[in-house]
Structure formats: C-alpha cells, structure tokens
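Notes follow once the structure below has been shown.
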Amino acid sequence: MNKLIKNNIIYKNYKFNNNINFKSYSTKTKTTTTTTNNSNIFNKNKNELKSFGSSSNSSSNNNKNNNNKYEDPKLMDAEDLIMNQIKISKSPFVKIAGSDIDGILRGKYLDKSKFESSIKKGLGFCSVIFGWDSSDSAYDNVSFTGNHTGYPDIGARPDLATFRTIPWEYDVPLFLMDFIGNDGQPLPVCPRSTLKKVIKKCQEHGFDPVQGMEFEWYNYSENNKSLLTKNFSNLEPLSNGMFGYSLLRTSQNSEFMNSLAELQGFGVPLEGLHTETGPGVYEAAIRFSTALESADRAILFKHCTKEIASLQGILASFMAKPFKDLPGCSGHMHQNFNCLKTGKNLFLDEKDPNQMSDVFKSFMAGQLLLLPEFLPFFAPTINSYKRLVDGYWAPTTPTWGIDNRTVALRVIKGGKATRSEFRVTGSDVNPYISIAASFAAGLYGVINKLELKHKPIIGNSYDLYKKGLVERLPRSLAESTELLSKSKIAKEYLGEEFVDHFVETRRWEYRQFNHQVHKWELERYLEII
C-alpha cells in the first residue's frame, strides 16, 4: 500500500478537489471546501444519472447507518477519506483502468462494494490484456499468455493515490491500477510497474527522476463511424491550413480549448495549449512532476482528450505521422534528476559554460549511447518511423545540442529549470515505457560515469550521417526491434521478462504490416508490372 496511505492523517471533513496529489499531500491540512468551476460539456445535468441506477440519497442514508466509521468525529487516515468519497459519490460505479503494452487504457466499471474489496484483496483481470495488440488480435508468439496458458486471470490492484473524478462523466470516480502476479508481486510485463522499477533504481542512487511531457495531435471533424464510411481517407480536419500558434484557430474552436483546459480540475494540469503547424493540429504541455505522476498524467491526457473531443464531434488522433507530406506528431519529454534528499536540480552547474553538471553530461551520454537499441521504446509502431525523417522537426541521429531542435537531445539552459528535452518520442508512445527507458538509459550513463564525447551540434544535424560523422538511427521497427532483442542493458534495467515480451509484440506488429497489400503497391505495380 502507498506509504502515504498508511501513515498520513487528514481531517475527516475535507472535501476533495480533483487535482489533489496524494503523493505530496501534507499531514494536518486545515479543513477547506473546494469546488471546481466546470463549464461547457462538464455542466451536464446530474439528473441524467438515471443510467447509473436509482437516486443517490437513499444510498447516502444507508452509508450513514451502516458505516459509522465514516461518521466518527475522530480523524480519518487517507484511505478512509478516499473510501468515504466513494461511498458518498452519486455514481454507484467506480472506473478502474490500467495500461496495456501499447499505452491503451484497458479497464471496467466496478460496483462500489466490489471496488472496496479490490483495495483489500485485489481483483482478477484476464491476462489477454497483455496477450493481444491494439486491434485485439491475439499474439501467437508471446510466452506470457495465450492459448498455451488458457488465458488465466492476472491480479490487479487500484492505486488510491491516483484518485480522480471525471467531470464530463457525471463525476464517476477513477483510479489507475497496477497489474500483479499470483505471488502478489508486480507483474513483470506491466508498463507501470516497469516504470516503478526504474524509479526505484534511480532513488537507490539518490536521484529523483522528474519530467514533463508534451503532445502534438491531429483533430478531425469525424467519428468512428465516419472513419469507416470514408475508408480512413479524405478526412475533414478541425481547421484547414498550416497555422501554428494561431490565436484565430483556437478562438474559432474555443469550446474545445476551454474543455481541455478543464483537465486542470481532473489532475492533469496543462502549462500550455496552442495550435501547431498542420491542419487541425494542437499541442499541449503537461506540467512537470515526478516520473510516475508525469506518466499517469500523460496516459490520462491522451485518453481523456479523445473522450472530450468525441463529445464535441471531434476525433483526436495521436498517430505519429498520419500523412506523408505533413509534419508528424511528437511526444517530447523534458527531464532532469533532482537530489532525492534536498530536491536540488542535479543537472545544473553554474560554473560550466553550458550550465551542465557532470551528472547531466553522463545522463545524456547514456541516452545517446543506448538510443539505437532502445529505439522501439520511443518509436513503438510501424508508423513511428515515418515521422523520423530528415527535415520534419524530428531527429534522425543520436545527437545533442544547446537549444537545437534538429537533434535528439536538446539542452535547455534555465538556471534551476535546466533540463534536457528528449525529442525522439512521438505522440504514439506508451508514456510508462518511454519514460522508464529514457531514465534507465540516463541512469546507466551516470552510474558508469560515461563521458559526453561529442560536442554539441550547431545548426542542421540531418546531414551529419551522410558525411559519416554520426550513425543514422534505425529506419524501421523491424531493424530497431532486432537491436533491442540483443540489448543486455535493457534487460538489466527494465527486466528480462518485460523486454522479451515487448520485443515479441513488436515483431508481431511488423509481421502484421508485412502481410498486408498496401495501396501504394497497387498503384505502383497493378497495371505496369
């Protein structure tokens, strides 16, 4: 159980605000009442809760009669306080969700009593969650689960520290969960547990990995049905033209913008939101946090943006490169190590010409060294590699520079905010995996005191590999996956079972692609050959 949940004492009558971070919540907080100023689609009439069952008044009365523990004037611990919020919720259900290998949230609604039981005992989930791909096609090449195992249940346990309510869904409580094995230990193939494993390694060396993530994505005036009707072609973008940082376009879609801004009250605070170059393309920067919290926010942002968009007749896509002649969508990560004891930014050295500490230099040296073999963690789909092409705002070489957007690692000098921007990742990543792998690579560099041998790139980095000055990153998922399969460092830092499973899922992915006959082939060969 979360350390805070066991030890913290909080006043009984505190009313939760959605953006409370229980990981850093102070003991002995004064009692307050906070309300969220929801607007637009979030102001749905609570009388519409008929679909959830009967009125909540009788439920609340029963709670008062049968749960004296929650009416005791004594102080309640954090777990009791959260469970009390669940009991008085108007929704009879609680939503739980966990990440599959592709970064898709899989979950279900639980009855309140079932949810309470799951906190104490856990619950079962079919292991197929890690036995199929993003289209629910079952793998035939993984050892973890399949027909050969009979797809047995795996364990799952909600993380109380992730408690939120969903403003656009009648304030249904939501929790993220970790998957666990039959022995009660973290499931080796679980992405969130893998990130926790890397964080623990960092903390054992006195480092607190912190980071912020930003996403670009396309928005279309479409829905699931129209996609199929149009055969995924001739889609109508939310707005036309190449218009980055446009105040006009955001004003024309102000309802959507304001709805996304309300994610602040959902515990996913955005530092910035604007249009990017490309028809219907937006970019959001999610506020800096600890590595696990940042990953939770990132996966929730992607999922909830899709939900909010769909309520307004918009289809949000985090595909890395939907169209050949348009820019791709990034998922940049801003990262640094803080001192676990003091909170000081360990990447900053004001005496260094570039304000970079030795820790920072070794961190980047590790990432640059391992980038080619770790690439599937940052470019996990066939389409990811269509984004990693010269001249389209995405890196193609393991290079670094000071405030240079053509390189893989961009150093941002900002005093206490000194950090690196990891620019390889696209918006199609699984945040848990990409954050885990990037910090693992950096930690490897620091532990082994690797030297940052190459000088920072000034100007255009795209032509360097053509001159033989640096190597080119792998050009396909197949190429990069085979490099990863041989990586001893990946298996040491992320776990052998996780890496082996991930490798097989990527092999499956490119095998599915290779078996298809694509439109390009028909146009090129059908008549002429």
Side-chain angles (χ1 to χ4, degrees), residues 194-213 290-291 294-295 332-340 344-349 351-379 395 397-402 404 407-413 418-425 429 433-457 461 464 469-471 473-474 480 483-484 486-496 498-499:
T194 299
L195 174 57
K196 286 183 174 182
K197 179 177 182 178
V198 172
I199 291 171
K200 183 179 179 181
K201 281 181 179 288
C202 292
Q203 292 176 341
E204 287 172 351
H205 289 84
F207 305 128
D208 184 17
V210 294
Q211 77 134 46
M213 204 151 191
T290 58
S294 179
H332 298 157
M333 302 183 292
H334 292 249
Q335 301 179 325
N336 70 275
F337 275 156
N338 282 347
C339 176
L340 192 60
K344 178 182 177 182
N345 185 348
L346 296 177
F347 278 13
L348 173 63
D349 182 352
K351 297 179 180 179
D352 183 81
N354 292 321
Q355 299 183 16
M356 296 173 63
S357 69
D358 290 340
V359 169
F360 192 1
K361 294 174 184 177
S362 291
F363 182 89
M364 290 213 310
Q367 289 188 333
L368 293 173
L369 174 68
L370 297 174
L371 184 52
E373 63 193 75
F374 276 31
L375 190 56
F377 296 138
F378 314 126
T397 57
T399 50
W400 73 283
I402 307 295
N404 186 337
V407 297
L409 303 180
R410 170 183 169 232
V411 172
I412 301 173
K413 296 191 293 185
T418 295
R419 63 195 186 276
S420 67
E421 180 188 43
F422 192 99
R423 295 181 57 81
V424 181
T425 38
V429 294
I433 296 175
S434 64
I435 294 173
S438 57
F439 276 113
L443 180 64
Y444 175 82
V446 175
I447 291 174
N448 292 280
K449 298 182 179 180
L450 299 185
E451 293 184 20
L452 190 59
K453 297 180 180 180
H454 295 289
K455 294 182 179 180
I457 302 300
S461 72
L464 295 179
L469 299 177
V470 296
E471 63 178 316
L473 291 176
S480 64
L483 283 178
L484 176 60
K486 301 178 179 68
S487 177
K488 295 180 180 179
I489 299 172
K491 294 177 181 179
E492 177 185 352
Y493 278 72
L494 300 173
E496 184 171 2
F498 172 80
V499 173

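By convention here, the first residue in the shown sequence is residue 1. Just so it is clear, the structure is predicted and the values come from calculations on it, not from any experiment.
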[Y] and [X], any side-chain heavy atoms less than 4.5 Å apart:
| X | Y | result |
| --- | --- | --- |
| Asn336 | Val210 | yes |
| Ile435 | Ser294 | yes |
| Glu421 | His334 | yes |

Once side-chain hydrogen bond (donor to acceptor under 3.5 Å, both in side chains) is applied, what residue pairs with a partner in residues 351-362 remain, sequence neighbours excluded?
Asp352-Lys361
Atom pair [atom1] ([X]) and [atom2] ([Y]), whose distance is rounded to the nearest 0.5 Å:
| X | Y | atom1 | atom2 | answer |
| --- | --- | --- | --- | --- |
| Leu370 | Leu484 | CG | CG | 10.5 Å |
| Leu483 | Leu473 | CG | CG | 10.5 Å |
| Gln211 | Gln335 | CD | CD | 5.0 Å |
| Met213 | Ser434 | CE | OG | 4.0 Å |
| Lys488 | Tyr493 | NZ | OH | 14.5 Å |
| Thr425 | Leu375 | OG1 | CG | 10.5 Å |

Tell me the closest heavy-atom pair linking Ala490 and Ser487, and the distance in Å.
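Nearest pair, atom of Ala490 first, then Ser487: N-OG, 3.1 Å.
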For residues Val424 and Ala408, report the shortest heavy-atom separation together with the two atoms involved.
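Taking every non-hydrogen atom into account, CG2-CB, 3.8 Å.
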Residue from Ile412, Asp349, Leu348 passing side chain to side chain contact (heavy atoms under 4.5 Å, CB included) with Thr418
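It is Leu348; the other options fail the test.
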More than 12 non-hydrogen atoms from neighbouring residues, nucleotides or ligands closer than 6.0 Å to NZ on Lys449, yes or no?
no
So Met356 and Met364, side-chain contact (heavy atoms from CB on, under 4.5 Å) or not? Walk me through it.
CA-CA 10 Å; Met356 296 173 63; Met364 290 213 310; 3.5 Å; yes
Apply side-chain contact (heavy atoms from CB on, under 4.5 Å) to Leu368 and His454, showing your working.
CA-CA 10 Å; Leu368 293 173; His454 295 289; 6.0 Å; no
Can Glu451 and Lys453 be counted as an ion pair, charged N to O under 4.0 angstrom?
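A salt bridge is absent here (no side-chain N lies under 4.0 Å from a carboxylate O).
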Audit row: Val359, Phe347, side-chain contact (heavy atoms from CB on, under 4.5 Å) steps and yes/no
CA-CA 6 Å; Val359 169; Phe347 278 13; 4.1 Å; yes
Donor-acceptor check, side chain of Glu471 to backbone of Pro398, threshold 3.5 angstrom: yes or no?
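Checking the backbone N and O of Pro398 against the side chain of Glu471, no donor-acceptor pair under 3.5 Å is found.
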Backbone of Ile457 reached by a side-chain donor or acceptor of Asn404 within 3.5 Å
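Confirmed, Asn404 side chain pairs with Ile457 backbone.
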Donor-acceptor contacts under 3.5 Å from residues 195-207 side chains, at least two apart:
| residue | atom | partner | partner atom | Å |
| --- | --- | --- | --- | --- |
| Lys196 | NZ | Asp178 | OD2 | 2.7 |
| His205 | ND1 | Lys201 | O | 3.0 |

Which residues share a salt bridge (charged side-chain N to carboxylate O under 4.0 Å, His left out) with Glu373, sequence neighbours left out
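In terms of salt bridge (charged side-chain N to carboxylate O under 4.0 Å, His left out), with neighbours along the sequence ignored, Glu373 is linked to no residue.
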In this structure, which one of Trp400, Phe377, Phe363, Phe378 forms a ring-ring contact (aromatic ring centres under 6.0 Å, His included) with Phe422?
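Option passing the ring-ring contact (aromatic ring centres under 6.0 Å, His included) with Phe422: Phe378.
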